[in-house]
Every structure is written in C-alpha cells, then in structure tokens.
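Residue numbers begin at 1 in each chain, while the letters A, B, ... track the order of the sequences.
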Amino acid sequence: DAGITQSPRHKVTETGTPVTLRCHQTENHRYMYWYRQDPGHGLRLIHYSYGVKDTDKGEVSDGYSVSRSKTEDFLLTLESATSSQTSVYFCAISEPGGTGGYEQYFGPGTRLTVT
Amino acid sequence: EDQVTQSPEALRLQEGESSSLNCSYTVSGLRGLFWYRQDPGKGPEFLFTLYSAGEEKEKERLKATLTKKESFLHITAPKPEDSATYLCAVQAGGGSYIPTFGRGTSLIVHP
C-alpha cells in the first residue's frame, strides 16, 4: 500500500462546470502522475509532476491543468468539463526500483461522469 | 516512439488450464518492463519489474519472463481469483521515468 487516496471517488457534473480531483499521498514520493482510463484506449497520461511546483504535460493534456503546492497533494482540474472527459481517473506515484526502473503505484480511481 | 502491444486482448481459461499472456515492445534502451494486475473498479496493482533479457520473476501462480523483444506472463494452474486485466508497461532508458502502457489482456478463469 503506497498510501494514495483520491477524492472524490465518484462525481457527476454538468458540461461547462469546473471540476477538481485530488490525489493525496502520505509517503513523500517525488513523482506523481494523473492518468485517464477509457475502454479501447487503456491508460493515458494527462500530466505528471517531478516535485513541488514542477509539472509537465502528458499525451492527453488538452482541457486539463494541474497543481502541486505541497509534496503530498497533486490536483487535477478540468476548467470547463466536457462529455469527452467522462472517464476513470487514476493518480499514481513512482518509486525507483533496481537499476533505475520506476515502478508505479496507483490510487483507487475517481469515476467522473460529465452530463 | 516506444510501443507496447499486448495479446490476446481477452482470454478465457478453465480453472487449472495454464496459459501465457504476451507483451511485445519496442523501446529505445529498456530501463524496465513492468507487469500490473487490475481488478474491476480498482487501480492497477504492481506485480513485477524485469530489467534485462533472460530475467524471470515469480509470484504464486505467475511467472514473468523477458526477451529483447517481448515478455510473457505465464499463469500456471490458474484459479478464478486470478481473473483480472493484466497490464504491461515499458520504461525507456535515458532520463525518462514515464512508462508506456499496453492496453492489457482481460483474463477470465472459469471454475
């Protein structure tokens, strides 16, 4: 257990409203990630962070922003939610394994529905 | 561009019927290949990391192997509780720590 929690776990929102998802970790991990998972696409990286206030874009970052003001919290914001952002969102942290491989540990996920 | 292809997409087995899942990859300098298990409604759970060709790792009924082009996840005498989606990911060498995931193999084991 890597001590990762996500909130909320489920959310239904309307098109055009802002939404913020929170990822919280308790073990001081440096690297944090946000993914979305959709049928037929697998896991796709939205944004990631390599330290406080250090973030970068993943492959599907359009329409999303992130912030990391504290080591333990990584926030994902949908500024104006669209139906195409209906998905399951996973937060992950990574730890360096042997010879530099970064194995990831995932949170329980947030199911977001945009109506 | 790093690529990961998993096959088959779905696999149905009878309890006790051993089989293998495949993960083919292309990557510029492999730093690590990872296997994860994902149960419905949950986040992926880390299983193994393999670093170099010829390496093998085992956990209960699962054994992961690695060659220069692919990895296999062998499932010996599976039980219904092994039913899950199995994900493979690779991490390239250099300064990157971002993995590339495959789309997974959905395994169902019937009693």
Side-chain angles (χ1 to χ4, degrees), chain A residues 1-7 9-10 21 23-25 29-51 54-61 87-112, chain B residues 1-7 9-10 21 23 25 27-57 59 64 66 71 84-106:
Chain A
D1 183 2
I4 305 168
T5 57
Q6 293 185 233
S7 59
R9 294 294 314 281
H10 302 271
L21 309 183
C23 177
H24 179 77
Q25 54 125 337
H29 299 292
R30 178 182 175 188
Y31 301 99
M32 299 184 75
Y33 311 76
W34 276 108
Y35 289 90
R36 60 178 290 174
Q37 188 174 43
D38 305 286
H41 290 278
L43 280 167
R44 292 183 290 175
L45 182 65
I46 306 171
H47 281 279
Y48 61 99
S49 171
Y50 44 96
D54 291 324
T55 64
D56 207 345
K57 297 179 180 180
E59 63 177 299
V60 290
S61 59
S87 186
V88 181
Y89 291 86
F90 289 103
C91 174
I93 61 91
S94 67
E95 280 294 324
T99 68
Y102 282 76
E103 52 204 45
Q104 291 183 316
Y105 295 87
F106 288 80
T110 294
R111 183 172 294 276
L112 177 67
Chain B
E1 180 182 339
D2 303 335
Q3 288 191 326
V4 177
T5 303
Q6 292 188 246
S7 62
E9 290 187 13
L21 313 182
C23 172
Y25 65 90
V27 65
S28 54
L30 180 70
R31 174 172 288 184
L33 183 141
F34 311 95
W35 283 99
Y36 296 86
R37 170 192 171 124
Q38 186 174 21
D39 293 301
K42 296 189 176 182
E45 175 188 351
F46 170 75
L47 292 173
F48 304 110
T49 306
L50 301 168
Y51 296 103
S52 58
E55 188 175 2
E56 298 183 353
K57 288 197 176 171
K59 181 179 181 179
L66 181 64
S71 176
T85 295
Y86 291 86
L87 300 172
C88 172
V90 296
Q91 183 184 345
S96 173
Y97 48 87
I98 306 298
T100 299
F101 278 86
R103 295 187 179 183
T105 294
S106 174

Point to revise | Least distance between heavy atoms, A:E103 atom then B:Y51 atom | key: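 For A:E103 and B:Y51, the tightest heavy-atom pair comes out as OE1-OH, 4.4 Å.
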Practice item. Please look at A:Y35 and chain B and tell me whether the side chain, the backbone, both or neither of the residue comes under 4.5 angstrom of a heavy atom of that chain. Key: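 Answer is side chain: those atoms of A:Y35 sit under 4.5 Å from chain B.
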Exercise for review: Select, from A:G40, A:G42, A:G109, the one with the greatest count of heavy-atom pairs under 4.5 Å involving chain B.
Suggested key: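 The answer is A:G40.
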Practice item. Using non-hydrogen atoms and a 4.5 Å limit, figure out which bit of B:L33 sits close to chain A: side chain, backbone, both or neither. Key: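 Neither the backbone nor the side chain of B:L33 comes within 4.5 Å of chain A.
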**Study point:** Under 4.5 Å from any heavy atom of chain A - which part of B:Q38
**Key:**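 The answer is the side chain of B:Q38.
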Point to revise | Pairing residues for B:K59 by the salt bridge (Lys or Arg N to Asp or Glu O under 4.0 Å) criterion, not counting sequence neighbours | key: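 So B:K59 forms no salt bridge (Lys or Arg N to Asp or Glu O under 4.0 Å) with any residue.
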**Study point:** For B:Y86, ring-ring contact (aromatic ring centres under 6.0 Å, His included) partners two or more places apart
**Key:**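 B:Y86 satisfies ring-ring contact (aromatic ring centres under 6.0 Å, His included) with no residue once adjacent residues are dropped.
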Review point. Is the CD atom of B:E1 crowded by more than 12 outside heavy atoms at less than 6.0 Å?
Key: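 Atom CD in B:E1 is not crowded, with 12 or fewer foreign heavy atoms closer than 6.0 Å.
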Review point. Taking everything shown except A:R111 itself, do over 12 heavy atoms lie less than 6.0 Å from its CZ?
Key: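 No, not enclosed.
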Exercise for review: Among B:F34, B:Y36, B:Y97, find the residue that satisfies the side chain to side chain contact (heavy atoms under 4.5 Å, CB included) test when tested with A:Q104.
Suggested key: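 Looking at B:F34, B:Y36, B:Y97, the match for A:Q104 under the side chain to side chain contact (heavy atoms under 4.5 Å, CB included) is B:Y36.
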